[in-house]
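Notes follow once the structure below has been shown.
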Amino acid sequence: MRQTIDRISKIYHIILAIIGVAVNLLAIVILSRGKCGLSTCTTRYLVAMATADLLVIITEVILWPISYYHFPGSFLNITPVCSVNIVLLRAATDCSVWFTVTFTFDRFVAICCQKLKTKYCTKKTAAVVLATTCILLCSKNIPVYFAREPGEIINNVPWGCVAKPSYYTDAGWVGFDWFATVLTPLLPFALILSLNALTVRHILMTSQVRKGLRGQSKGENHSDPEMESRRKSVILLFTISSNFILLWLVYVMEFLYYNITGTDQTYYTDSEYVFQQVGWMLLNLSCCTNTFIYVVTQSKFREQVKSAVKYPVTSIIQLMNKQNN
């Protein structure tokens with residue numbers, strides 16, 4: 001069973017690498033053009049999320065399998081290089097998760113805190129929040145570099161990148177591991193669910209008040225541009241948040257399982273191993289789905305995607321016409 005899930009995982013990650021790089025680059029290019037009808041503030045958060053997701057795909061889905069499965073003797077397996085890759089992987093994953101949190105909080109402020117909205121929901125604030133978040137999370141992952149040691153030393157060159165035995169027993173490292181997991185993704189889970197609950201509560205209350213003021217409670221039918229704008233914003237927010245929670249859920253369940261039961265992951269049964277691998281596969285999938293969410297929920301984004309797809313074809317046709325003339 002383990003061999004089967006490993007083969008499936010290899011094929012899955014090859015496909016995921018191709019799709020992940022393509023869709024995230026597409027999202028970055030289209031969103032950066034600013035023609036999707038989104039505010040500059042929202043656009044910055046979405047571009048940051050796509051960039052972090054792309055880095056996760058590169059470090060986790062491309063570089064790690066290349067060094068582990070396909071080219072085990074490459075420079076990527078030299079201990080310092082391998083350790084740096086793990087730090088970058090952890091930092092990119094943290095940023096991907098917390099950029100989702102910052103986006104959720106920004107939309108919460110925009111919808112529920114009208115007085116704070118004008119000061120907080122700006123492109124300058126978005127840049128400061130994203131940069132600060134990135135710096136803090138990268139700094140937090142620096143100790144991960146020192147948690148690794150060589151698996152073997154050949155001709156005075158350290159190879160491999162295994163966790164030090166003290167990582168699983170030393171109180172400091174155990175505490176750091178719990179802190180890292182609470183920070184990503186347990187705390188984001190709680191924050192996103194709480195912020196979305198408060199947002200829904202505010203929208204329901206506001207909707208009832210606006211219906212009353214506009215006479216809809218008496219059966220009249222009036223369009224409400226403000227509520228329509230909020231509806232589109234909420235659809236985007238909830239879809240991204242729900243996607244994050246669902247795709248990270250199996251990983252969180254597996255983490256809680258082996259910590260609560262004290263089960264050593266090295267001695268997992270076949271079913272436990274499959275559950276763990278499925279959790280990692282879904283976690284990595286979460287770095288590829290936001291672009292599809294934009295396509296489904298944002299009509300102007302769909303238009304930009306169509307234009308991007310048609311552009312090479314129209315360019316080739318125009319070039320051929322010029323040569324024929």
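The figures that follow rest on heavy atoms only: side chains count, while hydrogens, waters and symmetry mates do not. Keep in mind it's a predicted model, so treat the numbers as computed, not measured.
Ile245 and Leu193 get closest at one heavy-atom pair: CD1-CD2, 3.4 Å. The two residues Cys36 and Lys300 have their closest heavy-atom pair at O-CB, 3.5 Å. Counting all heavy atoms, side chain and backbone alike, Thr118 lies closest to Lys115 at OG1-O, 3.6 Å. Of all non-hydrogen atoms in Glu149 and Ala163, the two that sit nearest each other are OE2-O, 4.4 Å. Contact detail for Ser74 and Trp159: the closest heavy-atom pair is O-CZ3, 3.2 Å. Residues Ile58 and Ile62 approach most closely at O-CB, 3.4 Å, considering heavy atoms.
Using a 4.5 Å cut-off on side-chain heavy atoms (C-beta onward), Arg201 and Ile203 make no contact. Here the side chains of Tyr145 and Val84 are in contact, with some heavy-atom distance below 4.5 Å. Proximity of Met320 to Ile317: side-chain heavy atoms (C-beta onward) are nowhere separated by under 4.5 Å. Taking the side chain as every heavy atom from C-beta outward, Tyr294 and Ile30 never approach each other to under 4.5 Å. With contacts defined as side-chain heavy-atom distances shorter than 4.5 Å, the pair Gln304/Val29 does not qualify. Between Ser271 and Phe275, every side-chain heavy-atom pair lies at or beyond the 4.5 Å cut-off. Contact check for Phe103 versus Leu237: side-chain heavy atoms found under the 4.5 Å cut-off. Contact of the Cys121 side chain with the Asp106 side chain is registered, since non-hydrogen atoms from C-beta on lie closer than 4.5 Å.
Thr42 and Ser39 form a side-chain donor-acceptor contact under 3.5 Å, judged by distance and modelled atom types alone. Asn85 and Thr59 are not linked by any side-chain donor-acceptor pair at a separation below 3.5 angstrom, with hydrogens and angles left out of the test. When only modelled atom types and interatomic distance are considered, Thr169 and Ser166 share no side-chain donor-acceptor pair under 3.5 Å. A donor-acceptor contact under 3.5 angstrom links the side chains of Tyr273 and Asp6, judged on distance only. Side-chain polar atoms of Glu254 and Tyr268 form a donor-acceptor pair below 3.5 angstrom. One side chain, Thr269 or Glu272, offers a donor N or O that lies under 3.5 Å from an acceptor on the other.
Between the side chain of Asn155 and the backbone N or O of Val157 there is no donor-acceptor pair closer than 3.5 Å. Formation of a donor-acceptor pair under 3.5 Å by the Arg302 side chain with backbone atoms of Val295 is found in this model. A donor-acceptor pair under 3.5 Å is formed between the side chain of Ser242 and the backbone N or O of Phe238. Checked by atom type and distance alone, the side chain of Thr132 pairs as donor or acceptor with a backbone atom of Val128 at under 3.5 Å. Under a 3.5 Å cut-off, the side chain of Asn243 and the backbone N or O of Thr239 do not form any donor-acceptor pair. Within the 3.5 Å criterion, the main-chain N or O of Gly20 finds a donor-acceptor partner in the side chain of Asn24. Side chain of Asp177 to backbone of Trp173: no donor-acceptor contact under 3.5 angstrom is found. Panel note: side chain Thr79, backbone Gly160; a donor-acceptor pair is recorded below 3.5 Å. Checking side-chain atoms of His13 against main-chain N and O of Ser9 turns up a donor-acceptor pair under 3.5 Å. Side-chain atoms of Thr100 come within 3.5 Å of backbone N or O of Ser96 as a donor-acceptor pair.
More than 12 heavy atoms of other shown residues, nucleotides or ligands fall within 6.0 angstrom of atom CZ in Arg2.
By the criterion of side-chain heavy atoms lying less than 4.5 angstrom apart, applied directly or through intervening Ile, Leu, Val, Met, Phe, Trp or Tyr residues, Trp280 is not grouped with Val56; the two fall into different hydrophobic clusters. No single ILVMFWY cluster, assembled from side-chain heavy atoms under 4.5 Å apart, contains both Ile14 and Val61. A continuous path of ILVMFWY side-chain contacts below 4.5 Å connects Ile57 to Trp98, so both sit in one hydrophobic cluster. A continuous path of ILVMFWY side-chain contacts below 4.5 Å connects Val200 to Leu236, so both sit in one hydrophobic cluster. The hydrophobic cluster containing Val87 does not contain Val162, counting ILVMFWY residues as joined when their side-chain heavy atoms lie under 4.5 angstrom apart, directly or transitively.
With rounding to the nearest 0.5 angstrom, the OH atom of Tyr45 is 14.0 Å from the CG atom of Leu38. Annotation: the span from Leu191 atom CG to Leu186 atom CG amounts to 11.0 Å, rounded to 0.5 Å. Rounding to the nearest 0.5 Å places CG of Leu136 at 11.5 Å from NZ of Lys140. In this structure, the separation between SG on Cys288 and CD1 on Ile18 is 11.0 Å, given to the nearest 0.5 Å. From Lys164, atom NZ reaches atom OH of Tyr167 across 12.0 Å, with rounding to the nearest 0.5 Å. The CG atom of Leu116 sits 8.0 Å away from atom OH of Tyr120, with the distance rounded to the nearest 0.5 Å.
Applying the side chain to side chain donor-acceptor pair (under 3.5 Å) test between Thr184 and each of Asn141, Asp94, Thr93 identifies Asp94 as the sole match.
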Item to check | Test log, rule side chain to side chain contact (heavy atoms under 4.5 Å, CB included), inputs Trp64 and Cys82 | outcome: CA-CA 9 Å; Trp64 188 258; Cys82 178; 3.7 Å; yes
Checklist entry - Can you check side chain to side chain contact (heavy atoms under 4.5 Å, CB included) on Thr133 and Cys95, steps first, answer last? => result CA-CA 7 Å; Thr133 302; Cys95 287; 5.8 Å; no
Item to check | side chain to side chain contact (heavy atoms under 4.5 Å, CB included) assessment of Thr122 paired with Cys41 | outcome: CA-CA 5 Å; Thr122 64; Cys41 175; 5.9 Å; no
Next on the checklist: Working note: Phe189 + Phe244, criterion ring-ring contact (aromatic ring centres under 6.0 Å, His included); need CA distance, chi angles, decisive distance, verdict.
Outcome noted: CA-CA 9 Å; Phe189 262 52; Phe244 164 75; 5.6 Å; yes
Checklist entry - Do Ile86 and Cys161 pass the side chain to side chain contact (heavy atoms under 4.5 Å, CB included) test, and can you show the C-alpha distance, the side-chain angles, and the key distance before you say yes or no? => result CA-CA 9 Å; Ile86 291 176; Cys161 202; 3.7 Å; yes
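Classification of the Trp178-Phe255 ring pair by plane angle, with boundaries at 30° and 60°, yields perpendicular.
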